[in-house]
Every structure is written in structure tokens, then in C-alpha cells.
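Okay, structure first, notes after.
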Amino acid sequence: MVESLHIDGRAGIDAGLVKRLVATQFPQWGALPVTPVERDGWDNRTYRLGDEMTARLPTAAGYAPAVDKEHRWLPILAPSLPVAIPAPLAKGAPGEGYLFSWSIRGWLDGETASLDRIGDLPEFATSVADFILALQRVDATGGPAAGAHSFYRGASPAYYDDETRRSLAVLDGRIDTTRASAVWDAALKAAWSGPPVWFHGDVASGNLLVRNGRLAAVIDFGTSGVGDPACDLVIAWTMFSGDSREAFRGAVGQDPAMWARARGWALWKALISLVETIDRDERKAAGNRRVIDEVLADHDRAG
């Protein structure tokens, strides 16, 4: 999920459409007000439905499979997790010119995680690690194997090898592509050999909610599934640093091969994002450069 300010009407979805869908398919909630949330994701448009619910609509066909997946599995995952996750209440069908299934969930109180909203960042990092480990302990039998529905999170990062190599070629001379290539090669060599476990697929600040400075909920399981959980460690470089990174690393554990693959996942995303932003958005490009530099340094320390 890429978090952004909500633009009502993007992807052909607006409050009026949501209001009509709810009134037609769930008339018991048809009188409730529909309002955009302040900050939203790229994959889905989310609207507040009354005071206690949300309506969530995929923005494109590639994101639509998550509706059925989450509707089935979130209630199974929830009892084993240390913080709240979305609770599906109803599943909507295509209609009113909208082409995909959609969902209604319970509202989760909290603010999107940001450094200024977190009281103790190392403690917060430990809470995120606890969530990841609890998710990995849930019985994975019958869970959705990593694949297109998870955008291949949970599979080998090799799926994105061509894209990564192209990005390295474009950025040659603008970042240290020799060291970056070494990180990527190490990620591909560190093959996953364990049993498949549950992963979230997008453990990032935009999908973490805080209350009173502490982790309160984890949202957006659209890229979740069963496979290799290395992708869930990327937050070590995208949000944490210094003491908080060490707290996360110590709490979440994992073996060196897992961390090698995690560095590969972080590098892939930062590279393709830098290609998009390097000559267009100086602030975002600087953020992507920072992640790349941190990952390369971490690889060097790991030897």
C-alpha cells in the first residue's frame, strides 16, 4: 500500500458511488453518512461508513482478489494476534457501474504511525516484531500460498530480478550499483528452506495504527499469504534506525539468510521507487536513497 491523501473520485470511486452501493446491497446501513478517510491507500479507496464501519473498494482488478482473501482469513488470524486487525462485516458485489467485490469492516481507532506520534520508538519496534512473530505462529494449513494475489510477497525475490536489474542499469553512476548488486545477489542466493508461514506482506508505517504512542492495530492484509516472511522485515530500514532497528532485530530474531532476503526486498522497492522519483520529487528520492544506503551498510556489516 502506498499511503496518500484521499482524492475523492480517483479510480472512478467517490462517496456517491459508495453511498449507492451500500444503499442497494446493505439497506440496513443505507442511511449512514459516507465520508472519505483523511489518508488512504493506493490499492483501495476507504470511506468511513457511519461511526463504526468503513467501506473499502479496490481501485483495479489486480487488487480485487484481496477482498475474498481477507474476508475469509482475517477472522481466523485475529484471535492469535496481539493487536487489533480489520474485522470483515460484509462483502459487497459489483454494481452501480463498479466492477469488483468490495468490503465493509469495523472501524479501528488510531492514527497512522509516524515518528512524532510514537512515544518510545524502540518499544514500538518491539511491538511490531511481536506482531510479526505472532502472525508466523498461526497455523498456515490451507492458507493462500504466495503468488499473484500477494504480488509475490512471500515468494522468492527472484520474481523481481529483471525489474531490479533494469533499475540498477538506469541508476548506474547515480548510486553505488556495485554494492547494490552484491546485496541483490546475496538475497537470491539465500533461498528459503523452511515451512511456509503467514506473512503480512506490507508491514509499513502506513499500515500501523497508534493510540497513546503505542501500536494499536495493523491494517491492510491485501498482500498477505503463506510463504517466506522475509518481506515483513523491510520496516527495519524503512522506518527504524539506530536503537529502534536494533530493538526490532533483537525481538524478531530470524536467521542471516532471512535478513539477506529482507535486504533484497527493501532494495528492490527502494530502487524502483528511486527510478520513478530521482528527477521528479527530490524529497521522495532522498527517502529512497536513504533506504538504499542503510541496506548497503547493513549488508557490509553482515559480511
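Since the structure is predicted, the reported quantities are computational estimates derived from the model, not experimental observations.
Taking CD from E111 and CG from N212, the interatomic distance works out to 9.5 Å, rounded to the nearest 0.5 Å. To the nearest 0.5 Å, the span separating CG on N207 from OG1 on T112 amounts to 8.5 Å. Considering OG of S273 and CG of D281, their distance stands at 11.0 Å, rounded to 0.5 Å. Separating the OG1 atom in T59 from the CZ atom in R45 is a distance of 6.5 Å, to the nearest 0.5 Å. Rounded to the nearest 0.5 angstrom, I235 CD1 and S205 OG are separated by 6.5 Å. Between S193 atom OG and M258 atom CE the span is 9.0 Å, to the nearest 0.5 Å.
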Exercise. Can T223 and Y152 be said to form a side-chain contact (heavy atoms from CB on, under 4.5 Å), step by step?
Worked result: CA-CA 8 Å; T223 53; Y152 295 91; over 6 Å; no

For this session: Evaluate side-chain contact (heavy atoms from CB on, under 4.5 Å) for V197 paired with V226, printing each intermediate quantity in order.
Result: CA-CA 5 Å; V197 298; V226 168; over 6 Å; no

Problem set entry | Verdict with supporting geometry, R56 and D43, salt bridge (charged side-chain N to carboxylate O under 4.0 Å, His left out) | CA-CA 10 Å; R56 191 166 186 260; D43 302 359; over 6 Å; no

For this session: Step by step, work out the salt bridge (charged side-chain N to carboxylate O under 4.0 Å, His left out) result for R165 and D162.
Result: CA-CA 5 Å; R165 305 289 181 189; D162 288 346; over 6 Å; no

Problem set entry | Test side-chain contact (heavy atoms from CB on, under 4.5 Å) applied to W29 and I104, step by step | CA-CA 11 Å; W29 298 322; I104 294 178; 3.6 Å; yes

Exercise. Hey, mind stepping through I132 and H200 against side-chain contact (heavy atoms from CB on, under 4.5 Å) and telling me if it holds?
Worked result: CA-CA 8 Å; I132 290 171; H200 178 277; over 6 Å; no

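The backbone N or O of A146 lies less than 3.5 Å from no partner atom in the side chain of S150, so there is not a single donor-acceptor pair. The closest donor-acceptor contact from the side chain of H149 to the backbone of G222 lies at 3.5 Å or more, if one exists at all. Side-chain atoms of E70 come within 3.5 Å of backbone N or O of F221 as a donor-acceptor pair. Formation of a donor-acceptor pair under 3.5 Å by the D228 side chain with backbone atoms of G154 is not found in this model.
Residues P144 and W198 meet the side-chain proximity criterion, which asks for heavy atoms closer than 4.5 Å. W184 has its side chain within reach of P157: a pair of non-hydrogen atoms, C-beta onward, lies under 4.5 Å apart. When side chains are defined from C-beta on, L49 does not count as touching T54, because their heavy atoms never get closer than 4.5 Å. Annotation: side chain of Y159 is not in contact with side chain of W268 (no heavy-atom distance under 4.5 Å). Within the 4.5 Å cutoff, side-chain heavy atoms of L133 are placed close to those of Q254.
Taking F248 as the reference, F240 meet the ring-ring contact (aromatic ring centres under 6.0 Å, His included) condition, with sequence neighbours excluded. For F131, there are no ring-ring contact (aromatic ring centres under 6.0 Å, His included) partners, not counting sequence neighbours. With sequence neighbours left out, the side-chain contact (heavy atoms from CB on, under 4.5 Å) criterion links L171 to I175, L271, L274, V275, I278. Taking D243 as the reference, nothing meets the side chain to side chain donor-acceptor pair (under 3.5 Å) condition, with sequence neighbours excluded. With sequence neighbours left out, K19 forms a side chain to side chain donor-acceptor pair (under 3.5 Å) with no residue at all. Taking W259 as the reference, nothing meets the side chain to side chain donor-acceptor pair (under 3.5 Å) condition, with sequence neighbours excluded. In this structure, D176 has no side chain to side chain donor-acceptor pair (under 3.5 Å) partners at least two apart in sequence or on a different chain.
The minimum heavy-atom distance linking V210 with A113 is given by the pair CG1-CB, 3.9 Å. Closest approach of L57 to V18, counting heavy atoms only: CD1-CG2, 4.0 Å. Scanning both residues, A186 and A260, for their nearest heavy atoms gives O-CB, 4.2 Å. The two atoms that bring L233 and A262 nearest to each other are CB-CB, 3.7 Å, heavy atoms only. Annotation for A155 and W265: closest pair O-CZ2, 3.5 Å, computed over non-hydrogen atoms. For the residue pair R261 and A230, the shortest heavy atom distance occurs at CB-CB, 3.8 Å.
Atom CG of D255 sits in a crowded spot, with more than 12 heavy atoms from other residues, nucleotides or ligands closer than 6.0 Å. Annotation: Q28, atom CD; neighbour count of heavy atoms from other residues, nucleotides and ligands within 6.0 Å is above 12.
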Under 3.5 Å donor-acceptor pairs involving side-chain atoms of residues 118-128, not counting sequence neighbours:
{"unit_1": "D120", "atom_1": "OD1", "unit_2": "E123", "atom_2": "N", "d": "3.0"}
{"unit_1": "E123", "atom_1": "OE1", "unit_2": "R214", "atom_2": "NH1", "d": "3.0"}
{"unit_1": "T126", "atom_1": "OG1", "unit_2": "P122", "atom_2": "O", "d": "3.1"}
{"unit_1": "S127", "atom_1": "OG", "unit_2": "E123", "atom_2": "O", "d": "3.2"}

Let me have the donor-acceptor pairs involving side chains of residues 73-100, under 3.5 Å, with sequence neighbours excluded, atom names and distances please.
{"unit_1": "K91", "atom_1": "NZ", "unit_2": "D68", "atom_2": "OD1", "d": "2.7"}
{"unit_1": "E96", "atom_1": "OE2", "unit_2": "T24", "atom_2": "OG1", "d": "3.3"}
{"unit_1": "Y98", "atom_1": "OH", "unit_2": "P58", "atom_2": "O", "d": "2.5"}

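By the 4.0 Å N-to-carboxylate-O rule, D279 lies close enough to R174 to be salt-bridged with it. At a threshold of 4.0 Å, the pair R153-D202 does not count as salt-bridged, since none of the basic side-chain nitrogens sits closer than that to a carboxylate oxygen. Electrostatic pairing of K69 and D220 does not count as a salt bridge here, judged by no charged N lying under 4.0 Å from a carboxylate O. Electrostatic pairing of D109 and R211 does not count as a salt bridge here, judged by no charged N lying under 4.0 Å from a carboxylate O.
Linking ILVMFWY residues whenever their side-chain heavy atoms come closer than 4.5 Å, directly or via other members, places I13 and L32 in the same cluster. V67 and W42 fall into different hydrophobic clusters, where Ile, Leu, Val, Met, Phe, Trp and Tyr are joined by side-chain heavy atoms under 4.5 Å apart, directly or via other members.
For the pair R48 and W107, the cation-pi criterion (under 6.0 Å, within 45° of the ring axis) is fulfilled.
Ring to ring, W192 and F199 are not that close: their centroids are 6.0 angstrom or more apart.
Sorted by first and then second residue, the salt bridge (charged side-chain N to carboxylate O under 4.0 Å, His left out) pairs involving residues 125-142 (not counting sequence neighbours) form an empty list. Counting only residues at least two apart or in different chains, side chain to side chain donor-acceptor pair (under 3.5 Å) contacts with residues 284-297 comprise R245-E294, T277-N288. Among residue pairs with one or both ends in residues 278-303, none qualify as ring pair (Phe, Tyr, Trp, His ring centres under 6.0 Å); sequence neighbours excluded.
Partner of S167 under the side chain to side chain contact (heavy atoms under 4.5 Å, CB included) criterion, chosen from L267, I272, T177, D172: I272.
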